[in-house]
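Some notes on the structure that comes next.
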Amino acid sequence: MNSNLIYKIIFLLAAAFLINSCVEPYDFETETFEDALVVEAILTDEVKFHEVKLTRTYRLEEDFPKPESNANVVVTDDTGNEFPFYETTPGNYVSNTAFGAQPQNKYQLLINTIDGNAYSSEPAELLPGNEIDDLYAKRMILQGDDGVALLVDSENSEAASKYALYEYEETYKIVSPYVVRSTIEFEGENWRVVPNTRNETICYNTVPSKEILLSNTTSLRENNLDSYLVRFIQKDDPVLGQRYSILVKRYSLTREAHSYYSTLKKISGSESLLSQNQPGFVNGNMYSLNDEDEKVLGFFTLSNISTKRIYFNYYDFFEFDEPRPQFPESCIPFRPGENFDTPIGMIQGGTVRYLSMAGPPVEGEIGEGPIRVIATECVDCTVYGTNEVPEFWEE
């Protein structure tokens with residue numbers, strides 16, 4: 001699950017530990033604090049190097065949770081196999097070897113922290129899942145908004161789990177509205193115009209999903225899922241402006257795991273820490289081996305995984321006379337005059353880029369300086385992404 005979403009949930013849970021009744025508006029400061037381990041662990045049948053993330057709940061006045069470093073992390077199964085993990089960055093642990101969960105085995109996550117505390121998950125099994133049969137994009141009006149919907153179809157077997165968690169990762173192409181063929185090169189207090197050799201016209205940005213997406217087919221006659229909405233993108237969103245790709249992952253869940261993620265979804269969508277329905281503590285399947293009263297946040301999840309990726313272009317769904325959204329929304333070249341910072345000073349500050357030496361006035365252009373400049377984000381796409389083409393990208 002996306003870490004930013006997890007951090008938000010941790011914050012809300014930390015608040016829930018402290019708030020038990022309605023209070024007047026108050027600048028939060030922690031007077032009492034309940035420290036708890038937070039575990040993020042989804043083990044799948046995909047043969048890969050799996051990850052486990054460990055953090056601690058954090059105080060309301062703090063910005064981010066603290067990583068749980070220098071822990072001993074091991075996944076075991078009921079046939080005697082052990083899969084140790086090592087810490088790559090603070091709080092992030094990766095398995096020493098690549099492996100995938102087997103449906104006939106039961107697994108447990110074991111954690112020993114540097115301060116001597118031990119934690120375990122309840123034994124977990126892998127439920128069979130279903131393939132994503134189709135992932136497709138469709139232009140539609142949703143709640144009055146025109147845009148593109150990303151939809152999933154799954155034809156599920158009766159033996160497969162009726163519960164699923166979805167994640168996506170979207171990647172979009174960015175093309176700078178202006179191309180600058182020259183730039184300013186500084187040598188001490190001197191400068192000169194030189195050819196621009198930097199690749200800053202075409203970039204790509206990859207963003208993970210930021211919400212918990214769940215499906216439940218228990219109320220359906222058949223265990224099938226049709227036109228499940230994974231993502232809706234409004235027409236004027238610049239991520240649609242060029243070429244767009246989305247990778248969708250479907251994780252099978254047990255009923256207990258689905259219940260856990262459903263509770264997290266409700267908490268993450270809470271509009272106020274002081275809402276009448278306080279979330280309280282979310283029970284998972286992790287517990288302390290030292291103290292049965294110690295709270296542990298997290299769910300050790302075993303999932304069958306199915307993935308699918310699609311690509312499309314803006315004009316696959318929109319007419320050529322419809323305005324294409326872009327990063328940024330508008331760009332106007334200008335000539336800094338006497339009432340502005342000097343153009344060279346502005347260029348050195350990074351807020352603008354050299355566009356050209358001043359020539360005849362251009363319609364819409366402002367200022368009377370000797371140099372035409374433009375906002376950096378109008379010519380340098382690395383403001384919004386990277387100029388390295390993703391390995392999976394297809395044109």
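By convention here, the first residue in the shown sequence is residue 1. Only this structure's heavy atoms are used, side chains among them; waters, hydrogens and symmetry mates stay out. The shown structure was predicted, so the numbers you read here are calculated from the model rather than taken from an experiment.
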Hey, can you pull the donor-acceptor pairs under 3.5 Å for the side chains in residues 383-394, sequence neighbours left out?
unit_1, atom_1, unit_2, atom_2, d
T386, OG1, E388, N, 3.2
N387, ND2, N199, O, 2.8
W393, NE1, E395, OE2, 2.8

Per the disulfide (SG to SG under 2.5 Å) rule, what does the pair list look like for residues 69-135, sequence neighbours excluded? none
Donor-acceptor side-chain pairing of R372 and S356 below 3.5 angstrom: yes
Return yes if a side-chain donor-acceptor contact under 3.5 Å exists between Y261 and T301, otherwise no. yes
Working to the nearest 0.5 Å, report the span between NE2 of H258 and OG of S215. 6.5 Å
Any pair with a residue in residues 86-139 that passes disulfide (SG to SG under 2.5 Å), sequence neighbours left out, goes on the list, sorted by first then second residue, please. none
Checking ring-ring contact (aromatic ring centres under 6.0 Å, His included) between F312 and each of F317, Y136, Y172, which is the one that passes? F317
Compare all side-chain heavy atoms of I42 with those of L165 and state whether any distance is below 4.5 angstrom. yes
T382 side chain to R198 side chain, donor-acceptor N/O pair below 3.5 angstrom: yes
Sidechain N-carboxylate O distance under 4.0 Å for K249, E167: no
Establish, from distance only, whether the side-chain atoms of S288 and D291 form a donor-acceptor pair under 3.5 Å. no
Considering residues at least two apart in sequence or located in another chain, which fulfil the side-chain hydrogen bond (donor to acceptor under 3.5 Å, both in side chains) criterion with R139? D146, E322
Hey, could you give me each pair passing disulfide (SG to SG under 2.5 Å) that has a residue in residues 92-203? Not counting sequence neighbours. C203-C381
Hits for side-chain contact (heavy atoms from CB on, under 4.5 Å) against E122, two or more places apart or cross-chain, chain-then-number order -> N285, Y287
Main-chain N/O of N290 paired to E292 side chain as donor or acceptor, under 3.5 Å: no
Any side-chain donor paired with an acceptor under 3.5 Å for E87 and S69? yes
When you check the gap from the basic side-chain N to the acidic O, do R353 and E200 get nearer than 4.0 Å? yes
In terms of heavy-atom contacts, does NZ of K48 have more than 12 from other residues, nucleotides or ligands at under 6.0 Å? yes
For R324, look at atom CZ and say whether over 12 heavy atoms of other residues, nucleotides or ligands are found less than 6.0 Å away. yes
